[in-house]
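Lettering of chains follows the sequences in order, A, B, ..., and the numbering in each one begins at 1. Reckoned from all heavy atoms, side chains included, excluding hydrogens, waters and symmetry mates.
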Amino acid sequence: TEPQQKKELTEIKFGYQPSTHQIAYLTAKDKGMWNTSLAPLGIVKTSDNLFPSGAPEMTAMLSGDLDVAYVGAAPFISALSEGLDAKIVAAVQVQGSDLVVRTGVPYEKPEDLKGLKIATFPPGTIQDTLLRNWLKTNNIDPDRDVTILPMTSADAVTAISAGQVDAVFLPHPSPTEIKEKGYGRTVIQSGEIMPNHACCVVVVSGDLIKNHPEVVKQIVKTHVDATEYNNAHPDEAAQIYAADQQMNITIVQHSINEWDGTWVSDPHLIVNSTVDYANIQYELGYIKKPLTEKDIFDMSFYDSLQN
Amino acid sequence: MIKKIIHAVKSRAVETISIVSALLLWQMTADLIVRNKFFLPSVLDVISAALMIVQRPSVLEIGALAIEIPVVLVDLLQSLLHFSIGMVAALFVGIPVGMIMGWFTTLNRVLDPIIEMLRPIPPLAWIPFAIIWLGLTPVSAGFLIFIGAVFPIIINTFTGLKNVPRIYVEAAKVLGCRQDRDLIRYVALPSALPSIAAGIRIAMGVGWMCLVAAEMFGVSKYGLGFKIWHHYHLHQMDLVLVYMMVLGLLGLLIDKTLRYVIDEHLLKWQAGVVR
Amino acid sequence: MIKKIIHAVKSRAVETISIVSALLLWQMTADLIVRNKFFLPSVLDVISAALMIVQRPSVLEIGALAIEIPVVLVDLLQSLLHFSIGMVAALFVGIPVGMIMGWFTTLNRVLDPIIEMLRPIPPLAWIPFAIIWLGLTPVSAGFLIFIGAVFPIIINTFTGLKNVPRIYVEAAKVLGCRQDRDLIRYVALPSALPSIAAGIRIAMGVGWMCLVAAEMFGVSKYGLGFKIWHHYHLHQMDLVLVYMMVLGLLGLLIDKTLRYVIDEHLLKWQAGVVR
Amino acid sequence: MGKVEINNITRVFRKEGAPETLALDNVSLNINDKEFVCFVGPSGCGKTTLLRIIAGLDTPDSGEILLDGAKISIPDSKRGMVFQEYSLFPWRNVTENIIFGPEMKGIPRKKAKEDTEKYLELVGLTQFRNSFPHELSGGMRQRVAIARALANEPEVLLMDEPFGALDAQTRNALQYQLLDIWDKKHITILFVTHSVDEAVFLADRIVIMTARPGKIKEVINVGLPRPRIRTSPEANQLRTTVLKLLSEERKERID
Amino acid sequence: MGKVEINNITRVFRKEGAPETLALDNVSLNINDKEFVCFVGPSGCGKTTLLRIIAGLDTPDSGEILLDGAKISIPDSKRGMVFQEYSLFPWRNVTENIIFGPEMKGIPRKKAKEDTEKYLELVGLTQFRNSFPHELSGGMRQRVAIARALANEPEVLLMDEPFGALDAQTRNALQYQLLDIWDKKHITILFVTHSVDEAVFLADRIVIMTARPGKIKEVINVGLPRPRIRTSPEANQLRTTVLKLLSEERKERID
Ligand SMILES: Nc1ncnc2c1ncn2[C@@H]1O[C@H](COP(=O)(O)OP(=O)(O)OP(=O)(O)O)[C@@H](O)[C@H]1O
Ligand SMILES: Nc1ncnc2c1ncn2[C@@H]1O[C@H](COP(=O)(O)OP(=O)(O)OP(=O)(O)O)[C@@H](O)[C@H]1O
Ligand SMILES: [Mg+2]
Ligand SMILES: [Mg+2]
């Protein structure tokens with residue numbers, strides 16, 4: 001039945017999240033790159049779903065509702081350990097989260113964080129893992145010396161604005177927003193904590209990889225092109241994002257100017273941090289089996305483009 | 001015509017005053033006490049934001065058709081779709097199940113433990129299963145609304161049927177209404193109607209509440225609930241409030257319609273029996 | 001002693017069979033049809049996950065005291081704290097408001113529009129305001145539960161008071177019960193009790209549902225709802241299900257207790273009046 | 001056909017923490033087809049309970065009821081009942097209440113409604129056909145209940161103080177009409193009343209019950225030709241006999 | 001004190017899409033303190049409506065009720081009422097139903113319960129003090145309602161067919177006791193009945209009402225000395241007069 005399946009593939013379903021990290025997807029969509037590049041392969045339709053966080057996106061992929069997902073590496077790893085059949089085929093971006101301390105709370109050095117309430121994404125996310133590791137390396141016990149509160153970015157911004165938490169560790173554009181409103185200041189960027197740490201990635205379902213490698217290759221190529229276009233035209237990227245999200249363009253632009261993140265597509269850049277990350281998760285008991293580079297990545301598509 | 005309106009306003013004077021003073025209180029709290037548009041946008045902020053979304057056009061696609069209408073209308077229709085799926089399912093499941101449980105003691109004992117186990121499980125907790133079982137479709141959103149709405153209907157239908165005055169059942173029996181089906185239809189149902197109606201009202205409320213949960217996991221890119229999250233993530237609290245208000249007003253409208261139908265048509269006889 | 005247990009099981013035979021067969025069905029669906037632990041963990045998966053969290057110890061801190069107990073117990077206590085805050089508040093607000101609205105027509109007209117506006121606003125949408133107004137405290141979580149629970153109580157109390165048979169009110173009046181307060185207390189309340197009780201049951205269900213929303217924004221590091229999110233983000237569906245089941249069982253327990261109290265103590269007289 | 005056999009019926013009401021109430025103590029009676037039997041007895045002696053058991057609405061602790069030789073345990077439309085308390089469906093108006101029975105039998109609503117007129121006239125309520133029960137006076141409600149039972153054309157009609165709430169004139173008129181219907185439709189009637197006059201005027205036999213626990217004290221054959229004259233010496237004498245029997249019961253209780 | 005003036009009371013029941021019902025048409029009557037007045041009249045003539053208006057439970061379309069010269073419009077405990085329909089609180093047992101009134105007056109429950117015994121004995125229900133209303137027979141419920149009204153010691157007692165559901169013996173006994181209480185407590189009693197016997201036995205004056213629209217047809221002074229003998233020629237004659245007046249009303253209606 002496999003060849004039959006091949007013939008039937010006419011639609012590609014994407015998933016993405018509202019984040020400046022993933023503008024590459026939007027740029028490609030805005031410029032019609034997905035449709036033009038995939039049409040010759042028999043794809044007559046591309047559709048997408050917008051997810052507020054990675055967990056439902058991965059659930060949707062598990063149930064076969066998505067072919068391609070722009071998603072954080074963390075939810076992907078935990079879904080992978082629970083039996084998701086998919087691989088990372090390209091990176092989307094590295095770095096790009098800030099530790100923001102509330103206005104009026106003094107901060108000179110990491111020790112100053114002792115006794116404070118810090119909001120970040122829930123356990124298992126890149127942000128939570130990075131923050132905890134960084135605190136540990138600075139001799140701060142993340143469980144005793146500080147209170148880490150798991151929140152969504154929206155709740156965390158509300159909480160710091162209302163003075164309910166003292167610091168937040170969040171991906172962009174939230175840090176810029178907090179700063180623009182005058183509620184806090186960035187004290188450290190995630191690139192300083194772990195250079196080139198993985199964040200968002202392109203995940204493709206195992207089915208597509210096995211049965212339609214040529215389509216996957218074209219998807220990776222389009223992603224690489226869009227990423228390059230964004231890096232060359234950051235203002236236009238900001239505009240595309242602001243339009244899609246009906247967001248204030250200046251905040252987006254400021255965010256893109258200030259962050260330490262980089263839009264990349266080369267998956268090799270993030271291999272080490274991702275595998276490290278998976279190991280930490282395994283040690284914490286968050287995932288049930290150790291994962292290797294082979295389990296997580298399929299670089300063949302990206303590599304074949306380079307030759 | 002104008003006279004009619006004046007009359008309508010007059011007869012609704014209490015309600016109007018009540019709403020107007022609530023709005024005034026809000027405006028004043030926002031202006032004088034909170035003084036932070038992010039924490040609590042004022043009424044005027046909300047109105048200007050509302051004007052914005054009413055003017056911003058969007059495209060509604062129905063099959064091959066594409067109509068350009070204000071974005072808020074698209075959201076509204078999308079949400080109504082989700083809501084109707086959930087409510088209709090809840091009515092079709094809840095009323096029969098509640099009736100069966102209220103009427104047949106044995107079946108009550110069979111169903112009760114299962115329902116009581118499922119009942120406290122929150123709609124939010126069903127999200128993963130909704131995605132897995134039903135996919136990213138409006139049915140999936142409807143399912144979450146169903147989960148929220150079905151139990152109030154079951155419980156109030158059950159309570160209503162449990163409390164049918166014995167004399168009516170006996171009177172019907174000696175008049176030859178012997179089958180349970182008929183007894184339920186001709187006696188228990190009308191007698192339990194006030195309670196069932198209250199259950200439906202509650203269910204609509206809870207279902208409407210669940211709309212926001214139902215639209216938070218990517219089933220659509222439109223919808224009132226979706227937009228609340230969307231604007232909340234962007235920290236546009238004035239728009240969050242606009243959508244909350246639209247949600248509230250629409251919920252109000254649905255509820256009023258329901259009450260009108262129930263009080264005027266189904267429970268007319270009640271007026272003289274109760275206080 | 002053993003005889004007693006056997007007797008208890010026997011008298012609950014229907015219920016027991018019902019639950020056991022539901023569990024069997026689940027196990028079989030999981031094993032034979034779904035066959036994917038992620039989509040639907042089987043009963044056995046859930047039980048082994050449950051054993052894990054029962055064994056995993058945690059520390060409960062009450063003031064200076066620190067007791068080591070299983071982690072699931074800490075979650076449970078934390079959730080009960082949130083729940084109690086919300087439910088107690090809902091009862092203290094909902095019953096009086098419902099009674100006032102059901103009894104005094106004018107006050108009903110004043111309160112109704114405001115309540116009807118607030119009612120459809122989902123608990124989730126209140127999260128930002130809970131954070132801003134009440135901070136990241138158990139009260140904040142309690143507030144969300146309150147929001148979910150208060151409206152069913154209001155509506156069913158209202159319905160109950162609206163439907164007090166006229167003859168009882170009149171009988172009380174000619175016996176010298178003239179003040180509204182007394183009429184409500186001695187006539188309307190007992191007569192409306194079945195409806196109010198159903199409202200409280202629904203409210204407990206909805207409140208319990210809202211627990212999961214209430215614990216999703218960082219008010220605590222424990223709690224059944226919190227743990228559902230926690231494990232969901234890690235895609236540990238078996239643990240998600242365990243916590244859903246604990247939530248369900250606890251909800252069931254609360255509901256059963258409530259029903260026992262109501263049926264055995266408050267509504268004993270009803271038995272002979274209704275079918 | 002409507003032959004009712006009451007065989008050794010006993011009914012005890014039990015309640016935790018209270019003395020039990022023996023409502024009926026081994027009551028037996030055979031009622032012939034097309035017979036008109038009146039029951040009289042002190043308040044609380046078990047008349048309603050007996051009628052409810054015959055209707056199939058209550059189950060005896062021992063004994064059985066046979067209808068034309070077949071044991072009965074559940075109610076059906078062959079045995080109609082007029083209840084002592086108000087039993088109209090409050091959500092149906094007068095006409096709709098009366099057509100309830102025919103509707104259950106599957107007679108089309110339209111036809112059933114037409115048939116209703118006859119019964120409405122009988123009880124003098126044509127003007128109130130569209131009123132809801134709460135818009136009627138006590139006596140009017142009771143009359144509707146009678147019309148409702150008659151419209152269903154049962155073989156056995158159980159009537160629990162049906163004329164209790166009526167003035168003497170309405171009562172007399174309805175008594176005549178009831179006898180008329182009984183005669184024409186050949187039904188068996190079991191009729192509870194507190195009016196000995198009424199019993200003497202209506203009954204083939206009068207059953208006098210003892211105070212609680214309810215037993216049959218005596219069964220009196222009336223045996224007067226119909227139409228009866230209320231003030232005839234025979235009627236007067238019978239009345240006196242029954243009243244005397246009843247007053248014996250009374251003595252043992254209040255004062 | 002319990003002087004009741006009924007001044008030009010008119011009561012119309014209106015309903016959309018139906019002819020209006022004129023229940024009371026300009027009814028006027030003065031009732032003296034400590035008077036015992038019986039109302040008789042065809043079913044549906046407005047007796048209950050009149051009593052409800054006097055109790056303050058219904059408002060007339062025109063006219064007014066004066067109690068000792070003061071206009072009344074809302075119910076209070078000075079005017080007790082025994083309803084035609086069952087009105088016991090189903091959630092209270094017999095004792096608790098009876099102490100409802102005293103409780104409202106602030107009498108401690110314990111004391112009130114002790115006082116109850118007297119009234120329970122009066123109506124012959126001591127054995128049922130802990131029963132719930134649904135465990136009582138129709139007549140027993142009505143008796144509890146009477147005890148409840150009496151226990152509240154009103155100045156004016158409005159009774160709507162209170163003995164309708166009772167057998168002749170119980171009825172007679174209660175008539176005696178009612179007269180006894182009326183005599184001792186000096187209360188005014190307005191008593192609706194369908195039994196002309198009863199009216200003749202009890203009343204100072206008998207008010208005969210016309211069929212709908214309810215008007216006062218005639219007021220008859222009984223003027224027989226008490227205790228009255230039911231079978232005395234005077235009583236018989238009065239009975240005949242009243243019955244004749246009533247039957248005139250009747251003629252115009254059924255058959
Ligand atoms: N459901 C019940 N539970 C307990 N006791 C009951 C119940 N029904 C009736 N009884 C008791 O049974 C006895 C007979 O009641 P029943 O209603 O048959 O009397 P009755 O002859 O119809 O009296 P009445 O003329 O007053 O209507 C009474 O003492 C009553 O208290
Ligand atoms: N709530 C109501 N709505 C409409 N009509 C009513 C209402 N109450 C009473 N009526 C009408 O008023 C008239 C008088 O009723 P009322 O109950 O006073 O009669 P009654 O003299 O007490 O009769 P009965 O002896 O049968 O109890 C009746 O025709 C009745 O239909
Ligand atoms: Mg009876
Ligand atoms: Mg009346």
Side-chain angles (χ1 to χ4, degrees), chain D residues 13 15 17-19 21 23 40-49 83-86 121-125 127-128 130-132 135-143 160-161 163-174 176-177 193-196 212 243 246-247 249-251 253-255, chain E residues 13 15 17-19 21 23 40-49 83-86 121-125 127-128 130-132 135-143 160-161 163-174 176-177 193-196 212 243 246-247 249-251 253-255:
Chain D
F13 290 102
K15 188 181 164 185
T21 313
V40 294
S43 168
C45 75
K47 303 179 294 296
T48 301
T49 308
F83 292 85
Q84 189 175 5
E85 55 199 296
Y86 297 143
E121 237 163 75
L122 199 80
V123 296
L125 289 173
Q127 197 193 326
F128 290 92
N130 293 323
S131 296
F132 281 97
E135 295 167 332
L136 302 179
S137 78
M140 288 153 88
R141 284 185 220 186
Q142 203 53 294
R143 282 184 273 157
D160 199 352
E161 299 183 37
F163 302 154
L166 300 177
D167 59 295
Q169 319 302 316
T170 315
R171 196 165 181 147
N172 285 351
L174 282 176
Y176 276 111
Q177 280 160 344
T193 179
H194 285 310
S195 161
V196 178
R212 207 174 29 251
L243 280 172
L246 277 173
S247 64
E249 282 313 306
R250 185 67 198 165
K251 288 248 173 53
R253 301 189 48 249
I254 310 194
D255 6 11
Chain E
F13 290 102
K15 187 182 164 183
T21 312
V40 295
S43 170
C45 73
K47 304 179 293 296
T48 300
T49 308
F83 293 85
Q84 188 176 6
E85 55 198 298
Y86 297 141
E121 238 162 74
L122 199 80
V123 296
L125 289 173
Q127 198 195 325
F128 291 91
N130 293 324
S131 296
F132 281 97
E135 295 168 330
L136 302 179
S137 80
M140 288 154 89
R141 284 185 220 185
Q142 204 52 295
R143 283 185 271 158
D160 200 352
E161 299 184 38
F163 302 154
L166 299 178
D167 59 294
Q169 319 301 316
T170 315
R171 195 165 181 147
N172 285 352
L174 283 176
Y176 277 111
Q177 279 160 345
T193 180
H194 284 311
S195 161
V196 179
R212 205 176 30 253
L243 281 171
L246 278 172
S247 66
E249 282 312 307
R250 186 64 198 165
K251 289 246 173 57
R253 303 188 47 247
I254 310 193
D255 7 11

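Proximity to chain D is absent for every atom of E:Lys47, based on heavy atoms less than 4.5 angstrom apart. Neither the backbone nor the side chain of E:Tyr176 comes within less than 4.5 Å of any heavy atom of chain D. Residue D:Glu161 touches chain E through its side chain alone, counting heavy-atom pairs closer than 4.5 Å. Proximity to chain E is limited to the side chain of D:Thr21, based on heavy atoms less than 4.5 angstrom apart.
Under the 4.5 Å side-chain criterion, counting only non-hydrogen atoms from C-beta, D:Phe163 is not in contact with E:His194. Residues D:Phe13 and E:Glu135 form no side-chain contact, since every pair of their non-hydrogen atoms from C-beta on lies 4.5 Å or further apart.
By number of non-hydrogen pairs under 4.5 angstrom with chain D, the leading residue of E:Ser137, E:Ala165, E:Gly138 is E:Ala165. Most heavy-atom pairs under 4.5 Å with chain E: of the set D:Gln142, D:Lys15, D:Gln127, this distinction falls to D:Lys15.
E:Leu136 CG to D:Thr48 OG1: the interatomic distance, rounded to the nearest 0.5 Å, is 11.5 Å.
Of all the heavy atoms in E:Leu243 and D:Ala168, the pair that sits closest is CD2-CB, 4.3 Å.
With respect to D:Gln169, the side-chain contact (heavy atoms from CB on, under 4.5 Å) criterion is satisfied by exactly one of E:Ser247, E:Ser43, E:Pro42: E:Ser247.
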